[in-house]
Number of protein chains: 2
Amino acid sequence: MFNDLDPLLHSQLRLAVMSLLISVESAEFTFLKEKTKSTAGNLSVQLDKLSEAGYIQIVKSFRGKKPLTTCSITKKGIKAFEDYVNNLKQYINK
Amino acid sequence: MFNDLDPLLHSQLRLAVMSLLISVESAEFTFLKEKTKSTAGNLSVQLDKLSEAGYIQIVKSFRGKKPLTTCSITKKGIKAFEDYVNNLKQYINK
DNA sequence: TATTTTGGTTTATAACATAAACTAGTTTAC
DNA sequence: GTAAACTAGTTTATGTTATAAACCAAAATA
């Protein structure tokens, strides 16, 4: 009846990040921060978790002299997101 | 872009309970426990939270000599659930 | 009458989300 | 050129949450 919801995705901020990443090739930290209206600290922590789960890839580089953090969703992440959405439907489609 | 998700509903067990209650007139504690496969303790706590938020009504009575806890969703609960579902769609409909 | 079961509640703990504080360097204003 | 403010984050601390474990009272069962 109710499949478990991946706890890694069942978090407002991480879900918003995945939602953004699924429709773009990659996104910068500041872009994600703006779109999700999160604090940098919170975003940093949640990106790490998604990265450690293998759901996203994080590449650190420099743009000019400033640090640049770029994120992209992985195949595993896409699969996890799709599964999450499918499972969620059991809960919200009365 | 991303509306906040009601934290009271953004919980697997509470969401499952609301999902069940929205399509029935009322449901017993044991029914909810079975359907959600939760432990009694966890369910008890989460029902209290939904009740305190005014999302459900809890009526305690006896069936024969045994205690009976019956739950039903309130208008406020229906509204909250519908809002939650609508907001959630922003996250999952890329 | 001892044990198990029912129908829960209360309490303790571990995980989580978040904000606040901090770091390291860059740009701007004086 | 140096102080102040800004950028782009990370780390740490704290409060909240979810969950399991322990508990309770009564009833049913062996």
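Only a predicted model underlies this, so the values are computations on that prediction, with no experimental measurement involved. Protein chains get the first letters and strands the later ones, always in sequence-line order, with residue 1 at the start of each. Note: hydrogens, waters and symmetry copies are ignored here, and every other heavy atom, side chains too, is used.
Ring pair A/Tyr84/A/His10 is tilted by interplanar angle, where 30° to 60° counts as tilted.
Whole-Å rounding puts the A/Asn42 CG to C/dA19 P distance at 6 Å. Distance CG (B/Leu43) to C1' (D/dA20): 14 Å, rounded to an integer number of Å. As a whole-Å value, the separation of B/Leu5 CG from C/dT18 P is 10 Å. Taking atom CG on A/Leu13 and atom P on C/dA15, their separation rounds to 21 Å, with Å as the unit. For the pair B/Lys66 NZ and D/dA28 C1', the interatomic distance rounds to 7 Å; values are reported in whole Å. Taking atom CZ on A/Phe31 and atom P on D/dA8, their separation rounds to 15 Å, with Å as the unit. Atom CZ in B/Arg63 sits roughly 12 Å away from atom P in D/dA28 (whole-Å rounding). If you measure from atom CD of B/Glu28 to atom P of C/dG7, you get 9 Å, rounded to the nearest angstrom.
Regarding contacts with the backbone of D/dT17, every side-chain N or O of B/Arg14 stays at 4.0 angstrom or more from both OP1 and OP2. Considering only side-chain N and O atoms, A/Gln12 lies nowhere under 4.0 angstrom from the phosphate OP1 or OP2 of C/dA17. In terms of phosphate contacts, B/Lys60 brings a side-chain nitrogen or oxygen within less than 4.0 Å of OP1 or OP2 of C/dT9. Between A/Lys49 and the phosphate of C/dC16, there is no side-chain N or O to OP1/OP2 separation shorter than 4.0 Å. A/Thr69 has a side-chain polar atom (N or O) that falls below the 4.0 Å cut-off from OP1 or OP2 of D/dG9. Between B/Thr39 and the phosphate of D/dT19, there is no side-chain N or O to OP1/OP2 separation shorter than 4.0 Å.
The nucleotide whose nearest atom lies closest to any side-chain atom of B/Val45 is, among D/dT19, C/dT18, C/dG7, D/dT19. You'll find that the side chain of A/Lys65 is closest to C/dT27, out of D/dT19, C/dT27, C/dG8. Of the candidates D/dG9, C/dT27, C/dG7, the closest approach to any side-chain atom of A/Thr30 belongs to D/dG9. Of the candidates C/dT18, D/dT10, C/dT27, the closest approach to any side-chain atom of A/Phe29 belongs to D/dT10.
Contacts of B/Leu68 with the nucleic acid, taken as non-hydrogen atoms under 4.0 Å apart, involve only primed sugar atoms and P, OP1 or OP2. Counting non-hydrogen atoms under 4.0 angstrom, B/Ser11 reaches the backbone sugars and phosphates but no base.
Once rounded to the nearest 0.5 Å, the distance linking NZ of B/Lys76 with CG of B/Leu50 reads 11.5 Å. For the atom pair A/Ser61 OG and A/Leu68 CG, the distance stands at 4.0 Å (nearest 0.5 Å).
If A/Leu8 and B/Ser44 are placed on DNA chain C by their nearest nucleotide, the residue sitting closer to the 5' end is B/Ser44.
Side-chain contact between A/Ile78 and A/Glu82 is present, with heavy atoms from C-beta onward closer than 4.5 Å.
Under 4.0 Å is where a charged nitrogen must lie from a carboxylate oxygen, and between A/Arg63 and A/Glu28 at least one such pair does.
With sequence neighbours excluded, the residues forming a side chain to side chain contact (heavy atoms under 4.5 Å, CB included) with A/Asn42 are A/Leu13, A/Thr39, A/Gln46, listed by chain and number.
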